[in-house]
Protein chains: 2
Amino acid sequence: MLMSVTIKDVAKSANVSVATVSRVLNKKSNVSEEAIQAVNSAVQALGYSPSFLGRDLRKSETRRILAIIASTEQSFYSDVIRGMEVAAFSQGYDVLIATTHDVPNHEMHLLGMLFSRAVDGAVLLGPKLDAATINSLGEKHNIAMCLERLDNCNVLTVTIDNVKAGRDAVNYLIRKGHKKIGLITTLQRSQSSIDREIGYKLALKDNGIPYNEDYVYFGGYETEQGMRGCEYLMNLPSPPTAIFSISDIIAIGAMNYALSKGYRIGKDLIFMGFDNIQYSHMFVPHLSTVEQPCYAQGKLVIEKLIENMKATNPDHNLYTLPHSLVLRESTGD
Amino acid sequence: MLMSVTIKDVAKSANVSVATVSRVLNKKSNVSEEAIQAVNSAVQALGYSPSFLGRDLRKSETRRILAIIASTEQSFYSDVIRGMEVAAFSQGYDVLIATTHDVPNHEMHLLGMLFSRAVDGAVLLGPKLDAATINSLGEKHNIAMCLERLDNCNVLTVTIDNVKAGRDAVNYLIRKGHKKIGLITTLQRSQSSIDREIGYKLALKDNGIPYNEDYVYFGGYETEQGMRGCEYLMNLPSPPTAIFSISDIIAIGAMNYALSKGYRIGKDLIFMGFDNIQYSHMFVPHLSTVEQPCYAQGKLVIEKLIENMKATNPDHNLYTLPHSLVLRESTGD
DNA sequence: TTGTATGCGTTATCAC
DNA sequence: GTGATAACGCATACAA
């Protein structure tokens with residue numbers, strides 16, 4: 001489209017060498033004031049913008065990091081991305097986002113940008129690839145995971161302790177005086193769902209309540225599935241009086257059903273969600289939920305990833321950040 | 001991190017020249033079966049992945065397109081992005097997303113990726129830069145706008161007719177028998193908001209209803225502002241019986257207020273939103289709204305943008321795609 | 001069918 | 001303080 005103006009053109013126009021132009025552009029110290037002026041006005045006049053293609057090749061770095069997410073639909077990622085951007089930007093990196101739509105092959109395709117050095121590093125937010133694959137990639141490339149951990153995965157990871165979070169959530173429901181606790185979770189297993197389920201069971205055990213598999217509904221991530229889950233649970237011979245859902249979206253669906261059947265939410269029936277999405281305090285009644293530190297997780301994972309890019313000995317640890325309960329009307333608070 | 005294996009290493013290992021390696025990798029026809037085998041097994045053995053840094057510089061194209069959005073919070077962008085990706089992918093392009101968080105300077109910084117040829121083109125979804133700036137960028141670079149148009153902007157744009165959409169929405173409320181129509185819009189002006197307001201006024205005029213500025217509330221994009229707007233409108237001496245909001249988020253806030261005051265939504269008071277976000281049919285009562293063809297807009301803008309990249313004579317037209325009304329409980333449907 | 005050589009736009013090393 | 005020039009990794013024109 002544009003007959004590219006290069007550093008050579010600027011050099012010619014400013015009557016200096018390309019080396020000097022490069023020095024000015026990169027703000028090196030040893031260059032005369034005259035040269036600086038000459039170069040700057042030439043740059044201005046020609047509308048020159050240095051090509052990253054040349055620069056990146058020469059320096060063999062791009063200062064770009066790729067965040068790979070399922071889709072932009074989960075508004076919940078927003079704060080994570082923001083944390084990533086702030087951390088990256090402060091060190092001169094840009095964050096680019098790409099979406100997989102849950103297709104493992106496409107996730108691999110995007111990781112190709114990493115293998116091909118189009119980006120310096122990648123962060124996976126909820127990968128669909130298996131641990132073994134990610135492990136082998138992690139040996140050769142700068143890669144990290146955020147929000148979601150993987151069992152037996154030896155890759156830098158920042159997440160929360162989902163077991164403890166699930167446990168805390170359910171313990172709270174029990175402390176509210178409830179003994180019959182339903183769980184709505186997903187058939188499609190992500191490690192965070194599994195961990196939250198484990199937390200659910202541990203909380204029951206903490207309180208000497210026997211685990212009853214009838215109280216667990218396996219559905220999908222959509223609101224509709226939450227409705228189904230609640231419908232199923234409330235039609236049990238001895239329905240639960242409290243329901244923990246592994247996501248707010250699901251919990252809202254569940255409350256939708258409960259509302260339509262006239263249950264008094266927060267009294268007859270209490271609900272706890274997970275994620276603290278924006279909508280959880282827009283919905284009426286407002287939803288109690290577990291909040292995870294999205295911004296902080298995003299920030300930390302980038303800081304660690306950038307450290308790794310410079311390190312000879314990369315850090316492949318798992319970092320867990322603290323979560324918290326947000327109590328609203330749906331639990332009678 | 002990784003002592004890069006290059007095309008040279010592959011050539012050596014396969015006992016051929018780098019040219020032959022390149023030919024095999026790019027699936028050129030004129031190359032012997034032997035060579036293909038040799039190269040492929042060398043690639044395999046060495047774990048070679050071609051560097052985009054070299055390739056992109058040589059071909060001076062990246063086959064990457066940047067989508068610049070405010071943030072990933074508006075789940076509403078999701079389908080647009082999806083349309084963009086499908087269109088791009090089918091032509092061998094990747095779509096990368098970057099967020100501005102409404103900071104014009106950061107938008108400019110991201111456009112730097114375009115100037116510096118780190119991407120071949122960019123799509124702005126709701127730019128914060130002014131028309132003059134974007135115009136001048138559009139002369140030299142492959143750039144397009146989507147979802148949001150700008151007055152006097154001579155840049156490829158794909159959007160809907162927001163004037164007509166607003167007009168249709170309000171006309172529907174009037175056809176439902178309402179004459180006192182409130183409008184909740186935003187103080188911070190985007191062209192789409194302005195256009196929807198114009199549509200509101202035109203619909204009133206269509207029906208011989210005088211415009212009353214008391215019926216218009218200017219707030220922000222958040223749910224809370226929708227509540228305020230509704231509160232304001234319903235406390236007027238002669239409150240409206242129908243409320244049009246320029247976004248679903250705002251409309252949900254407005255309904256929140258109405259619910260809390262005991263109005264019977266869909267009967268005493270009807271609501272129309274805009275965008276058809278996922279929440280609009282999760283909220284109870286379900287929200288009537290205006291749907292825009294997100295996927296189609298994303299798809300079209302990329303198709304046109306890629307055409308432009310090849311064209312000597314780029315297309316700077318404005319394309320408007322059809323919207324539709326989605327009728328639910330909030331309008332008594 | 002294959003190899004050699006050049007150049008893409010930078011930055012960095014080295015002489016001056 | 002400055003200017004040649006090599007090198008980054010690749011694709012391709014040209015020769016063979």
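Computed from a predicted structure; not experimentally measured. Note on naming: letters A, B, ... go to the chains in the order of the sequence lines (proteins, then strands), and numbering restarts at 1 for each one.
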Open item on the list: Reading DNA chain C from 5' onward, which residue's closest nucleotide shows up sooner: B:Ser60 or B:Ser29?
Closed with: B:Ser29
Open item on the list: OP1 or OP2 of D:dA11 versus the side-chain N and O atoms of B:Asn26: is any pair under 4.0 Å?
Closed with: yes
Open item on the list: Students often get this wrong, so: under 4.0 angstrom with heavy atoms, is B:Val21 touching a base, only sugar-phosphate, or nothing?
Closed with: nothing
Open item on the list: Nearest to the B:Thr20 side chain among C:dT11, C:dG3, C:dG9, which nucleotide is it?
Closed with: C:dG3
TODO: Assign each of A:Ser49 and B:Ile36 to its nearest nucleotide of DNA chain C by heavy atoms, then name whichever residue's nucleotide is nearer the 5' end.
DONE: B:Ile36
TODO: Only stems of 3 or more consecutive Watson-Crick or G-U pairs count here, both distances under 3.5 Å; name the ones for DNA chain D, or none.
DONE: C:1-16 with D:1-16
- [ ] Using whole Å, report how far CD of B:Gln37 lies from P of C:dT1.
- [x] 15 Å
TODO: Can you see which heavy atom on B:Asn142 is nearest to which on B:Leu114, and at what distance?
DONE: O-CD2, 3.8 Å
Task: Pairwise side-chain contact, B:Pro127 with B:Leu150, heavy-atom cut-off 4.5 Å (strictly under) - done: yes
Task: Short side-chain N/O contact to D:dC10 OP1/OP2 from B:Ser51, under 4.0 Å - done: no
TODO: Give the C-alpha distance, both sets of side-chain angles, the deciding distance and a yes or no for side chain to side chain contact (heavy atoms under 4.5 Å, CB included) between A:Lys304 and A:Asn317.
DONE: CA-CA 10 Å; A:Lys304 293 291 180 188; A:Asn317 287 320; over 6 Å; no
Each nucleotide N or O in nucleotides 4-6 of chain D that has a protein N or O under 3.5 Å away: list the pair and distance.
none

Open item on the list: If you compare every side-chain N and O of A:Ser22 against the phosphate oxygens of C:dA12 (OP1, OP2), does one of them come in below 4.0 Å?
Closed with: no
Open item on the list: Below the 4.0 Å mark, does C:dA12 have OP1 or OP2 next to a side-chain nitrogen or oxygen of A:Lys28?
Closed with: yes
Task: Interatomic distance, B:Tyr48 OH vs D:dG9 P [rounded to whole Å] - done: 10 Å
Task: Side-chain donor/acceptor of B:His106 to backbone N/O of B:Thr99, under 3.5 Å - done: yes
Task: Donor-acceptor contact present, side-chain B:Asp79 to main-chain B:Tyr295, <3.5 Å - done: no
- [ ] Check the distance between D:dG3's P and A:Glu34's CD and give it to me in whole angstrom.
- [x] 11 Å
- [ ] Round to a whole Å and report the spacing from CG of B:Asp56 to P of C:dG7.
- [x] 21 Å
Task: Short N-O contact, A:Asp56 and A:Arg117, less than 4.0 angstrom - done: no
Task: Rounded interatomic separation in angstrom, taking CD1 from A:Ile7 and P from C:dC8 - done: 14 Å
Task: Donor-acceptor pair, side chain of A:Arg63 and main chain of A:Gln91, under 3.5 angstrom - done: yes
Task: Partner of A:Ile97 under side-chain contact (heavy atoms from CB on, under 4.5 Å), chosen from A:Leu66, A:Ile69, A:Ile65 - done: A:Ile69
Task: Length of the line joining A:Asn30:CG and C:dC16:C1', which is rounded to integer Å - done: 14 Å
Task: For atom CG of A:Leu57 and atom P of C:dG9, their distance in whole Å - done: 12 Å
Task: A:Glu33 CD - D:dT2 P separation (whole Å) - done: 10 Å
Open item on the list: Determine whether a donor-acceptor pair (N or O, by modelled atom type, separation under 3.5 Å) exists between the side chain of B:Asn40 and the backbone of B:Gln37.
Closed with: no
Task: Exam field: side chain B:Glu107 to backbone B:Lys128, donor-acceptor pair closer than 3.5 Å - done: yes
